[in-house]
Amino acid sequence: MSSLRIEDACKYFGGLKAVDGINMTVPAGRITGLIGPNGAGKSTVVNMISGVYSLTRGEVYLDEQQLTRLHVDEVARCGIARTFQNIRLLPEESVLDNVVIGYFRKQRSGVMSSLMGLPAALAETRRLREQAWELLGRFGIQKYADYEAGSLPYGHQRRVEMARSIAAAPRIVMLDEPVAGMNEVESAEMAEIFEDLARSGMGLLLIEHNVAFVSRLCSQVYVLDSGRMIAEGPPEAVTRDPKVIEAYIGGKADAA
Amino acid sequence: AQSDEYHVVVLQALTGPAAFIGTAVADGMRLAEQQINEQGLLGEGNTLKVTYADDATDRTQTMSLIARYANDPSILGILGPTSGAVAIAGASSGNQYKVPVVTTTNTPEVLDQGPWSFILTQPPEITIPYLVDYAADVKGVKECAVIGIRDIEAYVALQKQFEKLMTDKGVRITTVEQVGGTDSDFSSVATKIATSQQDCVFVSASASQGANIIVQLRQAGLDPATPVFGHNAFASPEFLNRGGAGVEGVTFIADWVPGGYDDFTKAFATEFSETFGHEADNWNAVGYGGMLVMANALKSMPEPTREALRDQLGKTSEVRVAAGQGSYSVDEKRYPHVGMNVLTVQDGAFVQAPR
Amino acid sequence: MLLQQILNGTVSGAIYALFALGFTLIFGVQKLLNLAHGAIFMAGAFIAYYATAQGLPFWFALLLATIATGAISVVVDFVAFRQLRKSGHAEFAAIVTSIGVDLILMNIAQQVSNTKVLSFPFGTFPVKFFSFWGMRISLLQLTILGLVLVLVLALAYYINRTSFGRQVRAVSSNEHASALLGISAAAVYRQTFFIAGALAGLAGVLIGLSFNSIHFMMGEPFLLQAFVVVVIGGLGSLQGAVVAAILIGIVQSLTIAYLSSELSTAIIFALLFVTLLFFPNGLFGRAGNYAGGSRR
Amino acid sequence: MLLEVRNLSVSYKGIQALRDVSLHVNRGEMVALVGSNGAGKSTLLNALSRTVVPQRGQVVFDGKDLGRMAAFQVSRQGLLHVPEGRQVLADMSVWENLQLGMLALGQRPARYSLEQVYGIFPILEERADQIAGTLSGGQQQMLAIGRALMGAPEILLLDEPSLGLSPLMGDQVFDALTRLNREGLTILLVEQNAYRALECTQRAYVLDRGRIVMEGASDVLMRDQRVIESYLGA
Amino acid sequence: MMSFYYSYQPLIDFFLIAVGLGYSQQLALRAGVFSIATAGFSALGAYATAILVTRYGVPVPAAILVSAVVGMAVSYVLSVPLARLRGAFQAIATLAFVQVVIALLLYFESFTGGAIGISGIPRVMNTGWLLLAVLVTIYVIWSINRTSVGRVFNALRQDDSVAASLGVPIKSYYALAFVLSGLIGAVFGALRSLYVFNIEPVDFGFHAMVASLTVVVLGGRNTLLGPIAGALIMAILPELARPLAENRGILNGVILILVITFLPNGVGDELVYWLRRRLRRAPKTMSKRKEGADVVAAD
Ligand SMILES: Nc1ncnc2c1ncn2[C@@H]1O[C@H](COP(=O)(O)OP(=O)(O)OP(=O)(O)O)[C@@H](O)[C@H]1O
Ligand SMILES: Nc1ncnc2c1ncn2[C@@H]1O[C@H](COP(=O)(O)OP(=O)(O)OP(=O)(O)O)[C@@H](O)[C@H]1O
Ligand SMILES: CC(C)C[C@H](N)C(=O)O
Ligand SMILES: [Mg+2]
Ligand SMILES: [Mg+2]
């Protein structure tokens, strides 16, 4: 079973220590939570792992393979997928095509056969479109398949992005606030999907401000505050930790 | 033949970069057309029909238009295109479709395309000797700096010919500077030449650009005693307007002596300025002559066919025109000969250069 | 000769700057490639020419041309760009509409001038030379340098010290959000186009005057030049445009003087290419947050 | 009545996103608008701020018909919209974003000073010179709200203000909004967290597939079985 | 009919060449490379072929092949620095490339003929060959559109960091798009030189750059129909306006403004999008599942 590890990772922006010496493990087959106040550095962690940011210090490993200095596309080809906190779809493409592009990593037909329009390449396209269509079904947005992605309501755009990120069956997927903008009923649907994915062996890193949602799904939760890890452990323990309550959850109990 | 209508096309650059030549040539041709029909120059009852077309200095349009006109059997010949590669391409098309094409340019390559193509202006190897002889022999210059337009091939050809013939005469070419055809800021080149040693400057450019270069040369401090030479493009009122006092003393060869020098040319000059409201320039005169040459060939055709027209154009001999020394002939290589004048600017006017 | 050539380059560069500043406002700030800017520049020279030909004093013609080209530029924005911005496809479509405007303006100018090259009558501006340290500078060149300096400072003040500059940047970065803040994008566009057009027109008059040549196609080489200036300077950076313009003027002048006038274009553009390799956002461009696939 | 909407319909390229929506907001009220993804909530707010042009219907704000106004004029009337996706001006600094917020004042007097806004969101003061695009998601959300406050809103339209905010920060923002409302600011709130929205508002509308399907006092709706099933989770 | 063809043959042939160059331009734009290098590639192709054929008697097919290789090689080398640049900066860098090519063509006179260029190039191209070349190009681009390369190009254009996050080696794909653009540009440059008798540097200058760009923007940047539609308009426009003689610039300008104002994505693209909207439906194999979809938004 593979796992993603980051060791003593730091990211400084000028004087600002956005991430400051943290260690974390995201095991396969589990859902790992990463929570923390706004500006704690959660998205920065995702960007460091996925290769958008270089690390000021520290290392990233997938099993034994070092990812620290790989570029974005190389990291992705190792099987690490992500979504973006500010949704990033290809706005002019149809919803279906947005998902089809997600299969890139698993494509087998080469550039030449594509340029020459060989039957193998065409058949692959057909097959991928069907798979993408299935996947849209799983996220309940099949009926939007032919719409321009940019015209979908916010919540549906999130689903498209998630579908795209898991299309190529990554080993690890990092979801940055996947249910933001969804109500309880809608996020419950997403929860089911996440659990399915974990059962299939994928490792999920879930960043979310919905503590109840995180508690329900995650086996392990990390809490980041001002770039430092202030707590980690099973959700029940973490959410009762006074440091976490003070920095993050606040006095009032969360809804539902 | 009883009252034939001879149909020719004037295909010039009326817009685009070569429009400053094309429009002027077309105007000259319009005046000639009018006179030819008024004076019945084509013989009893015969009329000349002219269609004016614009190729926008664009080879695509030239080739399309020539194909179209070639496909219209009523059209006997084409006066155009104007110049440059467009003219060469037009000449090739003319040969392909077997329709006589009389380009305005002076580039002998037009003639290489085949027997159906002609040029209206004399190539550099005919015109430049007039200038070189004057500069080297009369003025006795020894060292000459050259400034030319780098991207207008007609000017480049003139410049090359000048360099070659001067070198043949033992004159040293000190430096060759090239500027762009649309530039107007020559301060750097001017400073460079003004601060170096030579006893002659040759400028190969259009009237307005050339005047501008010379003015900027003088402003940069060029020794006023250094003679400045140019070629036939300077023979235009444009040159004086643009250059003013700055071009005083510039010497150049000319197809056209502004204002005319005998009855025929003076009549042309008067009629032209009455018709168009401004003085005739070099290109007006060339256009006027071109149409007369065409009319002469049309008149002498045994039958109205393109072959006949082509043959007659090739036999043009001593047609009275306004350009050069007034008599236009074509030799066996189809090179035109009209002679050249050497002019100089004196008190803001063109006069024959003193020998 | 070196100093003289640097001076020549500076004066040419100052004029490029005038042209390029307006272009930066439109191209750099609004991301619109306005290929009609050269024609507007040309219109400035034409208007001033015909105004002086009517006997108006030169300074008045200059003012008239500046205001008129500002107004033309606003009209151009209205007919060629406004609708495109609404449809949200301006970036590329503007290339075509601005070519359309360019064709129209050039055609009109060609008809008006009968394809001739025009120039201001002699004595429009007193011809007077000053010599110092072995250099010659004309009164006109001095005036141009002074004028450009004043204008650049005024513009810099207007853009950087009033809220207008912020509004321009806000509209260019997100028109939708700007509207929510109460910014009238239309008004911002009107003002930038007016300024850009007026600067171009003014540059047209000055160039027509100093280089003695007014022609319906005179805008083209300057347009090409302006591209280079704006990009080397860094898109949207006013200081950048000025520095780049003068730098290019000087480099051009020196290549002609010491290397080769025949190769000057090749050298300038090769330099441009190399500059971009080392400064992918231009000399003064704010480093974009683009890094493609590599870590930053 | 500060804001009155009558029979508003909006469609995008043939897709009907709002059908005959009528609602109103009284001065000093805080009203919620709930509905699932794609119900048309954002579309409704966009139509009110006129960043989307409706097909039919009338919007009257403070006695003025907004039908003829451009979006920027609407903002200058004091109808300020904090849009979905935050829409901060990404390449300008936090301070510049806030300064630009003041343009909505037009001739109207300011209502909240920069200090007050910094008081509500201290991080904005701390990060005044940071480029807004590099703020964290939650920080951007605060900036978007703060920026709207700088424009002295008569009514504030908020599209999912708690989106991306930590629970603590979310609470603080809601506390702040409730406080501002008590001090006289009228608010129309779109919120996914229906529980929280209903908790802090006086009245609410439920939007489903482009239509208003329910309206009433928030505390009543909170106990409505249909609302619980579809929006609050069983 | 035949006589129509003969009268308009050059128009048709130039249209085909413009279509080919349009595809070269389009490939770059559609992959998000704001290149205006097509004119430069076509200059290289044209000169390579012209020099080989006229000076060294190389057979025409071999010369075209060499042009293709030159186009690919130069575009590959250029793609490396270009990948570091964005948008307008790419446009200017490619503009610089074209300017340098032209300056060198003018300078190395003994080799390139300088300003006069090269004449006496045999005219071996005709409508048939040009049509064949265009059809082959269309086939390749059609294939690209239906397979992964096209998807990647579309992704690069809209958001290349998203593409990278999905594992696309973006530099290689930028290079691929650019090399294809260079190849097509050079080949059509070569074919053009074998049609127009003579070539000179100004044929490939600012106007040529703007011309290819106009064809694509006017026709459409993303669909197969784009360059065809754009080239068609640009071919017909001067003819439509011809009766206006010297004033046709005005009419041309007005038409360009009107067309693109109402069809801002370009005539061809808008047509294709319109058709797609009319035919909007799930892909064939999936249509059986369509029933029962509820109608929040399905019109
Ligand atoms: N490119 C950058 N330059 C400067 N500061 C940055 C940059 N990116 C992020 N920061 C700062 O680093 C800190 C961490 O940001 P990050 O986006 O990782 O927070 P987060 O935990 O994801 O917060 P949120 O929950 O609000 O999304 C923030 O204070 C942010 O302002
Ligand atoms: N720009 C657009 N073009 C086309 N259709 C659009 C556009 N914006 C929204 N829609 C459609 O309008 C409908 C309502 O969308 P809207 O964004 O208003 O929903 P919402 O209630 O805000 O959803 P969410 O909670 O997910 O934000 C949806 O069906 C959506 O697809
Ligand atoms: C362009 C050509 C018509 C050139 C002309 N023969 C000249 O002497 O300049
Ligand atoms: Mg975040
Ligand atoms: Mg919404």
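Residue numbers start from 1 in every chain, and the chains themselves are labelled A, B, ... in the order their sequence lines are given, proteins ahead of strands.
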Item to check | C:Glu220 portion near chain E, given a 4.5 angstrom heavy-atom threshold | outcome: side chain

Checklist entry - So what's closer than 4.5 Å to chain E heavy atoms on C:Leu277: side chain, backbone, both or neither? => result both

Checklist entry - Checking heavy atoms, do the side chain of C:Leu33, its backbone, both or neither come under 4.5 Å from chain E? => result side chain

Checklist entry - Counting heavy-atom pairs under 4.5 Å to chain E, which of C:Leu272, C:Leu263, C:Ile95, C:Thr265 comes out on top? => result C:Leu263

Item to check | Top contributor to chain E contacts, counting heavy-atom pairs under 4.5 Å, from C:Ala93, C:Pro280, C:Ala270 | outcome: C:Pro280

Checklist entry - Where on C:Ile267 is there a heavy atom nearer than 4.5 Å to chain E: the side chain, the backbone, both, or neither? => result neither

Checklist outcome for this item: Applying a strict 4.5 Å limit to non-hydrogen atoms, the region of C:Leu276 in contact with chain E is both

Next on the checklist: Using a 4.5 Å heavy-atom cutoff, which residues in residues 28-43 of chain E come close to chain C?
Outcome noted: E:Leu29, E:Phe34

Item to check | Whether C:Thr275 side chain and C:Leu271 backbone form a donor-acceptor pair below 3.5 Å | outcome: yes

Checklist entry - Passes side-chain hydrogen bond (donor to acceptor under 3.5 Å, both in side chains), C:Tyr16 versus C:Gln252? Steps please. => result CA-CA 12 Å; C:Tyr16 297 155; C:Gln252 209 162 34; 2.9 Å; yes

Item to check | Per-residue contact mode, E:Phe206 against chain C (heavy atom under 4.5 angstrom) | outcome: side chain

Checklist entry - Between E:Asn154 and E:Arg157, is any side-chain donor less than 3.5 angstrom from a side-chain acceptor? => result yes

Item to check | side-chain contact (heavy atoms from CB on, under 4.5 Å) assessment of C:Phe92 paired with E:Val216 | outcome: CA-CA 10 Å; C:Phe92 281 94; E:Val216 175; over 6 Å; no

Item to check | Ring centers of C:His37, C:Phe19 separated by less than 6.0 Å | outcome: yes

Next on the checklist: Under 4.5 Å from any heavy atom of chain C, what part of E:Leu213 do you find: side chain, backbone, both or neither?
Outcome noted: side chain

Item to check | Minimum-distance pair of heavy atoms, taken over all atoms of C:Thr69 and C:Gly197 | outcome: OG1-O, 3.2 Å

Item to check | Greatest number of heavy atom pairs closer than 4.5 Å to chain C - which of E:Ile260, E:Leu251, E:Ile255 | outcome: E:Ile260

Checklist entry - Can you tell me if CZ on E:Phe262 sees more than 12 non-hydrogen neighbours from other groups inside 6.0 Å? => result no

Next on the checklist: Does any backbone or side-chain atom of E:Val168 lie under 4.5 Å from a heavy atom of chain C? Answer side chain, backbone, both or neither.
Outcome noted: neither

Checklist entry - Does a sphere of radius 6.0 Å around OH in E:Tyr273 hold more than 12 heavy atoms from other residues, nucleotides or ligands, not counting ones at 6.0 Å or beyond? => result yes

Item to check | Between C:Glu175 and C:Tyr189, a side-chain donor and acceptor under 3.5 Å | outcome: yes

Item to check | Distance flag, aromatic centroids of C:Phe23 and C:Phe227, threshold under 6.0 Å | outcome: yes

Checklist entry - Does C:Ser98 use its side chain to pair, donor to acceptor, with the backbone of C:Asn34 at less than 3.5 Å? => result no

